Novice: 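Mind having a look at this structure? Questions to follow.
Since the structure is predicted, the reported quantities are computational estimates derived from the model, not experimental observations. In the text below, chain A, chain B and the rest are named by the order of the sequence lines, each starting its count at 1.
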Amino acid sequence: MWLFILSEILIFGGLFLLYAMYRAKHPADFHAGSMELSRFDGTLNTIILLTSSLTAALAVYSTQELNKSRRTAWYLAATIGFGLAFLVVKTFEWAAKFEHGLYPRAAVLDARPHGEILYFGLYFTMTGLHALHVIIGMTVLAVVLSWVIQNKVTQQRSAILENGVMYWHLVDVIWIFLFPLFYLIS
Amino acid sequence: MTHRSHFLRYIYIWIALIVLTGITVTTAGLNVGRIGILIVLAIAATKSTLVLLWFMHLSTEKRLLLKLLVPIAIGALAIFIGLTYSDVLTR
C-alpha cells in the first residue's frame, strides 16, 4: 500500500513541480489569481477533510483495537458524508468560477495576463484531479463499509479497511498542500 | 497504552491539525511578505507529518525499509521542487 501511496504522491509531485516553475516565473499573476479564490470555501473544505481523516482513523481503531464493527460502520459512513460535503463545497466554488468566466479557454480568462491563465489552468487540473481522488476514495470506503456490515471485515481480517482508510488519508495530505498553495498566497 | 488513550490521541492530533489550519489562515492574512510562503509550507509539512505518522501509522510501522522509504521519497521530491523553483527564480 505504501508503494501505491508513493506513486500517487509522485503524480501530484509532477504537478507541484509545474506549479513551482510557473509561480517562480509569474509571481504577480499567481498572486492576482489567488485573490479570486474564496478563502472561506478553502478553509471550510480543509476543516471538513481533516475531520473526515479523524473519523476514518477512528473507523480502523474501532475494528482493530475495540473489535466493534458497528462503530466502524458509523465512522465510515461519517467519513463518506464528509467527503460528500467536500464535493458540494467544491461544486459551488467551481460554479462561481465558471460564472465569472474563469475557466480554461474562456474569453474572459484568455484576455488576462499569461500567468493568470496558467494559474487557473493549474487550479482546475490539480483540484480536479484531487476531487477525482475524493470520489474514488468515497467509492472504496463505500465498498469497505458494505463488507463491514456483512461482517467480512473483522479484527483478524482488517487489511482492506486499513488500506482503504490509508488512501483516504493520502487524499487529505494532498489537500493539505493544495490549500495554502492556491488559496493562501495572496 | 490503553485503548482509551489511543482514542484520545486521535482526538489530540485532530485538534492540532485544526489549530495549525487556523494559524496558517491567520498568518496568510497578516501580509508578512515573501517569508509568508515559507511559513504556510512549513505548517503544511507539519500537518502532513502528523497525518502520516499518527493517522497512517507510520510511527508504529515495523518494516524499517518502509519507514525510511516514505520520508526519503517525499524529501527527494521536496528537494527537486525547491531546486527547480530557485533555478527558475534566479535565471
Novice: To the nearest 0.5 angstrom, please state how far the CH2 atom of A/W168 sits from the CE atom of B/M56.
Specialist: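 Going from CH2 on A/W168 over to CE on B/M56, the span is 13.0 Å.
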Novice: Heavy-atom distance under 4.5 Å to chain B: side chain of A/I5, backbone, both or neither?
Specialist: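 Contact with chain B: side chain only.
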Novice: Walk me through whether B/L41 and A/L181 qualify under side-chain contact (heavy atoms from CB on, under 4.5 Å).
Specialist: CA-CA 8 Å; B/L41 278 180; A/L181 289 176; 4.0 Å; yes
Novice: What is the minimum heavy-atom distance between A/V173 and B/S48, and which atoms define it?
Specialist: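 Smallest interatomic distance, heavy atoms only, reads CG1-CB, 3.8 Å.
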Novice: Can you tell me how far apart CG (A/L44) and OG1 (B/T21) are? Round to the nearest 0.5 Å.
Specialist: 11.5 Å
Novice: Under 4.5 Å between any side-chain heavy atoms of A/Y183 and B/V25, yes or no?
Specialist: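 The answer is no; the side chains never approach within 4.5 Å.
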Novice: Please list, in residue-number order, every residue in residues 82-91 of chain B that has a heavy atom less than 4.5 Å from any heavy atom of chain A; write 'none' if there are none.
Specialist: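 Against chain A, the residues of residues 82-91 of chain B that fall inside the cut-off (heavy atoms, under 4.5 Å) are B/T84, B/Y85, B/V88, B/L89.
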Novice: To check you understand the geometry: which heavy-atom pair defines the closest contact between B/A73 and A/L6, and what is its length?
Specialist: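 So the minimum-distance heavy-atom pair works out to CB-CD2, 3.7 Å.
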Novice: Pull out the residues in residues 48-57 of chain A that come under 4.5 Å of chain B, heavy atom to heavy atom, sorted by number.
Specialist: A/L50, A/T51, A/S53, A/L54, A/A57
Novice: Between atom CD1 of B/I37 and atom CG of A/L184, what is the distance when rounded to the nearest 0.5 Å?
Specialist: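 Between atom CD1 of B/I37 and atom CG of A/L184 there are 8.5 Å.
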Novice: With a 4.5 angstrom heavy-atom cut-off, is it the side chain or the backbone of A/Y19 that approaches chain B, or both, or neither?
Specialist: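 Contact with chain B is absent: no heavy atom of A/Y19 under 4.5 Å.
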Novice: Looking at B/L52, B/L66, B/L20, which one has more heavy-atom pairs under 4.5 Å with chain A than the rest?
Specialist: B/L66
Novice: Rounded to the nearest 0.5 Å, how far apart are NE2 of B/H57 and CE of A/M166?
Specialist: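 Reported value, rounded in 0.5 Å steps: 9.5 Å.
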Novice: Please find the pair of heavy atoms, one from A/I176 and one from B/A44, that lie closest to each other, and give the distance.
Specialist: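 Between these two residues, the closest heavy atoms are CG2-O, 3.4 Å.
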Novice: Is any side-chain heavy atom of B/V51 closer than 4.5 Å to one of A/L170?
Specialist: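 SC-SC contact between A/L170 and B/V51 ruled out.
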Novice: Would you say that B/E61 contacts A/W2 through its side chain, given a criterion of any heavy-atom pair below 4.5 Å between the two side chains?
Specialist: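 The answer is yes; the side chains approach within 4.5 Å.
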Novice: Roughly how far apart are A/D172 CG and B/L17 CG, rounded to 0.5 Å?
Specialist: 7.5 Å
Novice: Taking the inter-plane angle between the rings of B/Y10 and A/Y61 on a 0 to 90° scale, is it parallel (under 30°), tilted (30 to 60°) or perpendicular (over 60°)?
Specialist: perpendicular
Novice: What's the separation between atom CG in B/L58 and atom NE2 in A/H169, rounded to the nearest 0.5 Å?
Specialist: 12.0 Å
Novice: Can you tell which part of A/L18 gets under 4.5 Å to a heavy atom of chain B, answering side chain, backbone, both or neither?
Specialist: neither
